[in-house]
Q: 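So that we are looking at the same thing, I have put the structure below in C-alpha cells.
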Amino acid sequence: MSLISPRRLLGAIDAYVVRLTLLSFLIVLVSLTGVIWVTQALRGIDLMTAQGQTVLVFLGITGLAIPVLALIIAPLAMLLAVTHTLNRLSADSEVIVMNAAGLSPWRFLRPFMVSTVIVACLISFLAIFLAPECLRALRRWHTEIGADVLANVLQPGQFIRLDKLVLRVQERRPGGVLTGVFIDDQRNPAERINITAQNGVVQKTDKGSFLVLSDGNLQRFQADKKDPLIVAFKSYAFDMSQFSQAPQTYNYNARERFIGDLISPPEDDAVAQRNLGQFRAELHDRLLAGFYPFVFVILAFAFLGPPRTTRQGRNFAVSALVLLVLVVRIAGYACSTIAVSRPDAIIVQYAMLIIVAGVSIWMILKGVVVDPPANLTAQFARWGERLSSIRLPALRR
C-alpha cells in the first residue's frame, strides 16, 4: 500500500477547492447576469414592435449590455461562490479535518486566492477593453437607428412632415413591411409628386436608403402643365437617403472611452476637457474593479474560514459578512460619484479597501472567530424562554 505524499495531497486539495469555487462562480455569474439581462432586454422590445427592427438587431443591441452587467455582478458572484464553498467544506467537516492535519489558515487561503486571480483577470479584461468596446458599439448602433426616420418618426396612421415631404403609412407589419403608403413630395419647385402604394419595404444599400414600393400609382404635377402624369408601377424605389444618414463622428462619454483616453485625455477633445472629473473617476473605478474580488474573498475567508463544529452556527457570521460587503460596495460607489468633483474621494476609496483587506488578513492570521456577542445570545435565549412559557388560554366553548 503506497502513501500519498503531503505535497501531492495539498495539490489535490487546491485543485478541488479551485474547481469548486470557479464552478460556483460561473453558475452564479451566468444566472444573475441572465436574469438581469432579461429584465433590461424587455425594455427594448419596442425596437421590434414600434420601430420595425429585426430579432437579430434586438438581440444584438441588448446583448451588448451583457459585458457591462457581468462587470458589475462578477465581484459579488465571486463572494457568493467563496461563501458557498466554505459553507460546503464546513458542513462536510472538511475544514476541521484540514485544520487538524496541520493545514494553516494562510495555506488554506491559497486556492481561493488562485481562483480570485483568475476572476480578477476576467474583470480587468471586461473593465479595460470589452465593456467600453461594447458601450461604444451600442452608442453607434443606437445613433444609426435613431438617425433612421423610417424606423423612428414614421408612425402608422399619422401624417409626418419632413421639410417639404409628407409621408403616411396605414400599418407596420412584422419584418418591416409598410402597408397603405402615401407620399407627397414637394421638394422640387418645378414639380410635385404624389405616390400611393399598397406595400413598401426599407432597403439599405451602398448608394443609400430606399423605400421600395410595390403595386401603386405615381402622379407627377409639373408647373408648366395642367394635367398630371399618372404612372402605375409594380415596383418603385423612392430615395430616402437624406433622412437616414448617421453621423460620421461620435461623442463618447467617459464610460465608453478606452483606458488610454482616461489616463491622458486628448487636448483637442472638447468632451474630454469638459468632463475631466468624470474621466478621472472612471479611470480609478476601472483600476479598482480587479481589486474588489480580492477584498471580498479575504473578507469572506476571515468571517467563514475558521474551523467550526456542526453545533456552532454560522448565521451570524454570514449576516455580518453580507452587511459589511454591502457597506463597502455602497461606499465605493459613493466615492466614485463624489470623485467627479472631489478628487480626495479617490484616496478615501483606496484607503477603505486597504484597511478592510488589512483587518481581514489580521483576523485570518490571529484565528479570530466571528461569533455573536455573549450578552446578545443570552438576551435571545431569555426571549425564547419567555415565549415558550406563554400559554394561550383555552378556548371556551
Side-chain angles (χ1 to χ4, degrees), residues 10-11 13-18 20-22 24-25 74-90 94-124 127 284-285 287-308 312-336 345-373:
L10 289 176
I13 294 175
D14 291 346
Y16 171 70
V17 174
V18 169
L20 183 60
T21 303
L22 291 181
S24 302
F25 167 76
L76 297 178
M78 187 61 187
L79 171 68
L80 294 177
V82 173
T83 302
H84 168 74
T85 303
L86 289 173
N87 283 334
R88 178 172 175 177
L89 295 176
S90 178
E94 293 173 320
V95 176
I96 297 178
V97 171
M98 285 185 273
N99 182 72
L103 188 66
S104 64
W106 194 252
R107 179 61 184 80
F108 183 40
L109 177 62
R110 192 170 78 173
F112 293 98
M113 298 307 295
V114 172
S115 304
T116 308
V117 169
I118 298 174
V119 174
C121 291
L122 172 64
I123 293 176
S124 299
H284 290 280
D285 199 31
L287 294 177
L288 287 172
F291 190 57
Y292 272 100
F294 289 98
V295 176
F296 289 166
V297 169
I298 295 174
L299 192 60
F301 194 87
F303 276 69
L304 304 176
R308 302 169 187 259
Q312 292 177 297
R314 304 166 65 88
N315 295 333
F316 179 80
V318 173
S319 301
L321 172 63
V322 172
L323 180 61
L324 186 56
V325 167
L326 289 177
V327 170
V328 171
R329 200 63 193 95
I330 293 174
Y333 283 127
C335 290
S336 298
I346 297 175
I347 301 177
V348 174
Q349 188 175 8
Y350 278 97
M352 175 189 66
L353 295 178
I354 292 174
I355 291 174
V356 172
V359 173
S360 301
I361 292 174
W362 176 82
M363 293 173 61
I364 295 172
L365 295 178
K366 294 296 183 179
V368 177
V369 179
V370 179
D371 285 326

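Fair warning: this is a prediction, and the values are worked out from it, not measured in the lab. Only this structure's heavy atoms are used, side chains among them; waters, hydrogens and symmetry mates stay out.
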Q: So which heavy atom on Cys335 is nearest to which on Ala345, and how close?
A: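 That would be O-CB, 3.5 Å.
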Q: Compare every heavy atom of Ala300 with every heavy atom of Leu86, then report the nearest pair and how far apart it is.
A: CD1-O, 3.9 Å
Q: State which residues pass ring-ring contact (aromatic ring centres under 6.0 Å, His included) with His84; sequence neighbours excluded, sorted by chain then number.
A: none
Q: Pairs under 3.5 angstrom only: tabulate donor-acceptor contacts from the side chains of residues 105-123 to other protein residues two or more places apart or in another chain.
A:
residue	atom	partner	partner atom	Å
Arg107	NH1	Asp14	OD1	3.1
Arg107	NH1	Asp14	OD2	3.3
Arg107	NH2	Asp14	OD2	2.7
Arg110	NH2	Asp14	OD2	3.2
Ser115	OG	Pro111	O	3.1
Thr116	OG1	Phe112	O	2.7

Q: Can you name the side-chain hydrogen bond (donor to acceptor under 3.5 Å, both in side chains) partners of Tyr350, sequence neighbours left out?
A: His284
Q: Could you report the tightest heavy-atom contact between Leu20 and Ser24, atom names first, then the distance?
A: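 Heavy-atom minimum between the residues: O-OG, 2.9 Å.
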Q: Which residue pairs pass the side chain to side chain donor-acceptor pair (under 3.5 Å) test when at least one of the two sits in residues 359-370, sequence neighbours left out?
A: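 Residue pairs passing side chain to side chain donor-acceptor pair (under 3.5 Å), neighbours aside: none found.
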Q: Would you name the heavy atoms of Ile298 and Ile364 that are closest together and state the gap between them?
A: O-CD1, 3.9 Å
Q: Are the side chain of Thr21 and the backbone of Val17 linked by a donor-acceptor contact shorter than 3.5 Å?
A: yes
Q: Quick one: salt bridge (Lys or Arg N to Asp or Glu O under 4.0 Å) partners of Arg88, sequence neighbours excluded?
A: none
Q: Quick check: do Leu299 and Phe303 have side-chain heavy atoms less than 4.5 Å from each other?
A: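 Yes. Closest side-chain heavy atoms under 4.5 Å.
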Q: Donor-acceptor pairs are to be reported for all side-chain atoms of residues 320-334 against protein atoms at under 3.5 Å, with residues two or more places apart or in another chain.
A:
residue	atom	partner	partner atom	Å
Arg329	NH1	Tyr292	OH	3.4

